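Note sheet for the following structure.
Quick caveat: nothing in here was measured; it's all calculated off a predicted structure. A note on names: the letters A, B, ... follow the listed sequences, proteins ahead of strands, and every chain is numbered from 1.
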2 protein chains.
Amino acid sequence: MTDGVVERSRPRDRILETARDMFHKHGIKGVGVDAITEAAGTNKMTLYRHFESKDELIVECLRANAAKAGAMWDAFEAEFPGDKLAQLHAWVRKAAAMLNADGRGCDMANAAAELTEPDHPARLVIKELKEAQRERLVALCRGAGIGQAELLADTLSLLFEGARVSVQTVGAEGPSTQFVRMAEGLIVSFRGTAAG
Amino acid sequence: MTDGVVERSRPRDRILETARDMFHKHGIKGVGVDAITEAAGTNKMTLYRHFESKDELIVECLRANAAKAGAMWDAFEAEFPGDKLAQLHAWVRKAAAMLNADGRGCDMANAAAELTEPDHPARLVIKELKEAQRERLVALCRGAGIGQAELLADTLSLLFEGARVSVQTVGAEGPSTQFVRMAEGLIVSFRGTAAG
DNA sequence: TCTGGAAGTTACAGACCGGTAACACCCTAG
DNA sequence: CTAGGGTGTTACCGGTCTGTAACTTCCAGA
């Protein structure tokens, strides 16, 4: 499992990585700090030497997720330099792959569902990342020469978000199976009305 | 607040209604049975006389949500008898209204995010309701004379689901503002290719 | 070799959790 | 009037939660 992480790395990194994994699988309120530290091969005191509270650990985990997502966008640019349309199609493929990865939805969305306090520190991070992802998608659509770039980006964004919660509720054999078809169809449709 | 509910009704009904409200606002794991019974103007013993466990209470709350959703569909049929296309547009309007109701997403989806155990009794109820809703939407699309009824229903379904999590993460001023425009556009587009 | 800081260990505090036992009460149906 | 079921009250159980204190161990760098 996470033994590879446990083996050789700093306790802080092991805790962060283990917490990300366990929060993803079991939810935030479904995992205690004791369970995290034990799975990370360390102990609670060490956790509290590196993170001042569980809430801060949660925030750091979400930030780590954001960083990973950012790397994904960079990979699109690296694979298809300058070709924004190709990058957009790469995003569709990547999104579809995420749907089949496991039955769990987006960590950000799940965290938002669990952390209901309006002033919880995690909510700001969640909003920031989601807005950043939206801007990335808008930039791709605009760069691909699509007229109503914002509308297409928002539509694709909602579709993907919906597909992720769909796999979490009815499973991978539900409406989410049509995601690629929907997304590609929308891109074609929006490209056809580029002058709009 | 819920005082209207507390005033004159059976303890079981008060508990159920109060639990629905509190689960919706604060999440399932964010509310204890003590808080529910206190808000419902009763006590824990009475709760456990009517529900054998918190899990059963959760399931009953979700079933009550399902019943309420069913009533919504019936209202569409009552308002536009036989006119499936009008009912479909009514669904779009109703969905948009839900987005602006409060910052919380779908109770079913949120519950699925929180209750990660694969054999949790609530997961079955969630899946059943989501599938029932999908069938209702497919029936509406088919009845409206749309060729690819399943595809349109799934697309609208994912859009709505995505919009609900979007308001929960970035707020009501995010991509979800475009929901009606997207949905109406899709309906027009699918009607245009009815022969498909 | 010595030292200082990071990490591990054990125990604990205080709160909350879901769930139960025992008992007093009240209100309605007969 | 009386009997009984639904309800309220109090106290409690065992477990888990976040977070802390005090102490020991280890290891790298000077």
Qualifying salt bridge (Lys or Arg N to Asp or Glu O under 4.0 Å) pairs with a residue from residues 105-123 of chain A, counting only residues at least two apart or across chains: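 Every pair satisfying salt bridge (Lys or Arg N to Asp or Glu O under 4.0 Å) with a residue in residues 105-123 of chain A: there are none.
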Pair listing, salt bridge (Lys or Arg N to Asp or Glu O under 4.0 Å) test, anchored in residues 68-81 of chain A, at least two apart: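 Found A:D74-A:R136, A:E77-A:K84.
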Please determine whether the number of non-hydrogen atoms from other residues, nucleotides or ligands lying under 6.0 Å from atom CD of B:E38 exceeds 12.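 No, not enclosed.
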Crowding at CD, B:E128 (>12 non-hydrogen neighbours, <6.0 Å):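 Counting other residues, nucleotides and ligands, CD of B:E128 exceeds 12 neighbours.
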Tell me which one of A:V125, A:I28, A:L57, A:L124 satisfies side chain to side chain contact (heavy atoms under 4.5 Å, CB included) with A:L62.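 The passing option is A:V125.
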Atom [atom1] of [X] and atom [atom2] of [N]: how far apart are they, to the nearest Å?
X	N	atom1	atom2	answer
B:R10	C:dT28	CZ	P	11 Å
B:E38	C:dC16	CD	P	12 Å
B:I58	C:dG18	CD1	P	9 Å
B:K54	C:dT20	NZ	C1'	17 Å
A:D34	C:dT9	CG	P	13 Å
B:L115	C:dG18	CG	P	13 Å
A:K29	C:dC16	NZ	C1'	13 Å
A:F51	C:dA6	CZ	P	15 Å

I'd like to check A:N65 versus A:H24 (side-chain heavy atoms, cut-off strictly below 4.5 Å). Are they in contact?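 When only atoms from C-beta onward are counted, A:H24 and A:N65 do not touch, as no gap falls below 4.5 Å.
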Do B:V170 and B:P175 come within less than 4.5 Å of each other through their side chains, counting heavy atoms only?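 Of all side-chain heavy-atom pairs linking B:P175 with B:V170, at least one is under 4.5 Å.
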Rounded (10°) bend between the five-pair end axes of the helix from C:dT1-D:dA30 to C:dG30-D:dC1: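 About 10° separates the two local helix axes.
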Go nucleotide by nucleotide along DNA chain C from the 5' end; which of A:R12 and B:I28 gets its closest nucleotide reached first?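 Nearest-nucleotide comparison on DNA chain C picks A:R12.
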Where A:F80 and A:Q87 come nearest, the two heavy atoms and their spacing: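 Heavy atoms only, the tightest pair is O-NE2, 2.8 Å.
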Identify the two heavy atoms, one from A:L99 and one from A:V167, that lie closest to each other, and give their separation to 0.1 Å.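 Reported closest heavy-atom pair: O-CG1, 4.0 Å.
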At a heavy-atom distance below 4.0 Å, what parts of residues 116-125 of chain B sit against DNA chain D?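 Of all residues in residues 116-125 of chain B, none places a heavy atom under 4.0 Å from DNA chain D.
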Side chains of residues 153-163 of chain A: which donor-acceptor partners sit under 3.5 Å, not counting sequence neighbours?
residue	atom	partner	partner atom	Å
A:D154	OD1	A:R134	NE	2.6
A:D154	OD1	A:R134	NH2	3.4
A:D154	OD2	A:R134	NH2	3.1
A:T155	OG1	A:L151	O	2.6
A:E161	OE1	A:K130	NZ	3.3
A:E161	OE2	A:K130	NZ	2.9

Contact list for DNA chain C against residues 42-50 of chain B - heavy-atom distance below 4.0 Å: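 Result for residues 42-50 of chain B: B:K44, B:M45, B:Y48, sorted by number.
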Test your reading of the model: is there a side-chain donor-acceptor pair from B:R14 to the backbone of B:A40, 3.5 Å cut-off?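 Yes; at least one donor-acceptor contact below 3.5 Å.
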